[in-house]
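Okay, so here's the structure we're looking at.
Read the numbers this way: they start at 1 and go in the same order the structure lists the ligands and their atoms.
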Amino acid sequence: MPSARHEKLDVLIRRAAIEKRVHAVARQITADLKGQRVHLVGVLKGACIFLSDLVREIGLETSIDFIAVSTYGAGNESSGQVRMLKDLDSSIAGLHVVLVEDILDTGLTLSYLLRILRQRKPKSLRVAALLDKPSRRVKKVKADYVGFTIPNEFVVGYGLDYAERYRNLKDICILRLPPPDVLAERIPEP
Ligand code: 5GP
């Protein structure tokens, strides 16, 4: 993909490997919740592509809903605040819920979501995360299903963005930004 901003993309996980792994996670969910209806809750926006591929491979009765949150200070602070931007459309009481996340990083978002969703009394609550960066964890949370464990790199593609761009990449890529001095050189002098 051409980059007018001197950003560089290095492929980390190819589309074929993603597809294979998403199918495997779907099979595992199908086996674990055999005979039940599964209610998938996608965390917007990053999980939308993962969820749409995952749900089509689950061999059970399904329903879907979405929730959106934003996290402040998650970069390096344990005090990151999570705020709800969009709540679920319907109740999850009595349902077998699988929360579908794009990436588990510090764990602040997931620990907030687990806390509020547990209060709503689902019959069961599981977590499927496409990616996991365990080295960055601040909160002690784990996903029941993990697509790939990755190193501490900033990744984009397959739903994950940088400033809303790159969500449409079919591969998951490491985004390399130009060093600050290169950026400074490109800012015209007054
Ligand atoms: P956490 O609360 O676990 O620190 O952060 C989870 C959220 O941070 C993710 O849902 C995602 O939106 C964002 N995030 C964390 N790491 C990355 C990354 O490498 N790439 C992108 N695009 N977003 C990330």
Side-chain angles (χ1 to χ4, degrees), residues 1 3-15 17-18 21-22 25 40-55 64-88 97-119 125-180 183:
M1 175 178 284
S3 169
R5 298 167 183 83
H6 295 261
E7 293 161 4
K8 204 170 151 283
L9 296 168
D10 291 328
V11 175
L12 179 67
I13 309 168
R14 294 208 176 271
R15 63 196 78 175
I18 300 171
R21 190 69 195 117
V22 170
V25 169
L40 299 181
V41 170
V43 185
L44 292 173
K45 300 173 194 167
C48 65
I49 293 178
F50 176 38
L51 184 143
S52 43
D53 283 346
L54 186 67
V55 70
I64 62 174
D65 202 347
F66 291 96
I67 197 165
V69 291
S70 73
T71 311
Y72 299 100
N76 34 38
E77 299 292 329
S78 57
S79 59
Q81 294 282 310
V82 184
R83 191 164 61 94
M84 171 101 65
L85 299 177
K86 182 220 168 286
D87 204 344
L88 297 173
V97 173
V98 177
L99 183 63
V100 182
E101 262 276 31
D102 55 355
I103 184 163
L104 190 44
D105 188 28
T106 63
L108 286 162
T109 310
L110 182 60
S111 88
Y112 168 84
L113 287 170
L114 288 175
R115 186 158 46 80
I116 62 157
L117 295 183
R118 273 186 195 124
Q119 288 167 359
L125 180 57
R126 293 172 168 80
V127 177
L130 173 68
L131 302 172
D132 188 5
K133 279 198 251 185
S135 61
R136 295 250 313 151
R137 202 74 90 251
V138 168
K139 291 275 182 185
K140 210 175 159 211
V141 281
K142 268 170 106 176
D144 302 271
Y145 311 100
V146 172
F148 301 90
T149 299
I150 63 165
N152 184 14
E153 299 278 6
F154 189 83
V155 291
V156 293
Y158 197 71
L160 289 129
D161 75 312
Y162 174 63
E164 293 302 326
R165 291 181 292 118
Y166 300 124
R167 291 194 199 274
N168 59 327
L169 297 180
K170 291 181 181 174
D171 302 318
I172 293 168
C173 300
I174 297 173
L175 177 67
R176 314 250 184 229
L177 294 171
L183 283 175

**Prompt:** Non-hydrogen atoms of Leu110 versus ligand 1: any pair closer than 4.0 Å?
**Reply:** no

>> Could you check whether any side-chain N or O of Asp65 sits under 3.5 Å from a backbone N or O of Val41, counting only pairs where one atom can act as donor and the other as acceptor?
In response: no

Nearest heavy atom to atom 3 (O) of ligand 1, choosing from Ala47, Ser111, Gly107, belongs to Gly107

When you compare the side chain of Leu117 with that of Leu88, does any pair of heavy atoms fall below 4.5 Å? yes

Numbered in order shown, the ligand 1 atoms found under 4.0 Å of a heavy atom of Glu101 are 10 (O)

Notebook entry, point to check: Does Arg176 CZ have over 12 foreign heavy atoms under 6.0 Å away?
Noted result: yes

**Item:** Whether Lys133 lies under 4.0 Å from ligand 1, heavy atom
**Value:** yes

Among Leu12, Ile103, Ile174, the residue with a heavy atom nearest to atom 13 (C) of ligand 1 is Ile103

Sequence neighbours excluded, the answer for side chain to side chain contact (heavy atoms under 4.5 Å, CB included) partners of Ile150 is Leu12, Ile13, Ile103, Leu131, Lys133, Phe148, Val155

Under 4.0 Å between heavy atoms, the region of Glu153 that gets near ligand 1 turns out to be backbone

Would Phe154 count as a contact residue for ligand 1, given that I'm defining contact as a non-hydrogen atom of the residue lying under 4.0 Å from a ligand atom?
yes

Check: of Leu44, Thr109, Asp132, Leu160, min heavy-atom distance to atom 5 (O) of ligand 1 comes from Thr109

Atoms of ligand 1 under 4.0 Å from any heavy atom of Asp161, numbered from 1 in the order shown, are 21 (C), 22 (N)

Within the 4.0 Å heavy-atom cut-off, what Thr106 brings close to ligand 1 is both

Check whether any side-chain N or O of Arg21 sits under 3.5 Å from a backbone N or O of Gly147 as a donor-acceptor pair, and report yes or no.
yes

Is it the case that ligand 1 has an N or O less than 3.5 angstrom from some N or O of Asp102?
yes

Next on the checklist: Can you confirm whether Lys86 is buried at NZ, in the sense that more than 12 heavy atoms of other residues, nucleotides or ligands lie under 6.0 Å from that atom?
Outcome noted: yes

key: Nitrogen or oxygen of Leu104 less than 3.5 angstrom from that of ligand 1   = no

Side chain to side chain contact (heavy atoms under 4.5 Å, CB included) filter on Leu177, not counting sequence neighbours, yields Glu7, Tyr162, Leu175

Atoms of ligand 1 under 4.0 Å from any heavy atom of Val155, numbered from 1 in the order shown, are 18 (C), 19 (O), 20 (N), 21 (C), 22 (N)

Tightest non-hydrogen contact, residues Leu104 and Asp132, listed as O-OD1, 3.4 Å

**Request:** Answer yes or no: is there a side-chain heavy-atom contact under 4.5 Å between Ile67 and Asp87?
**Result:** yes

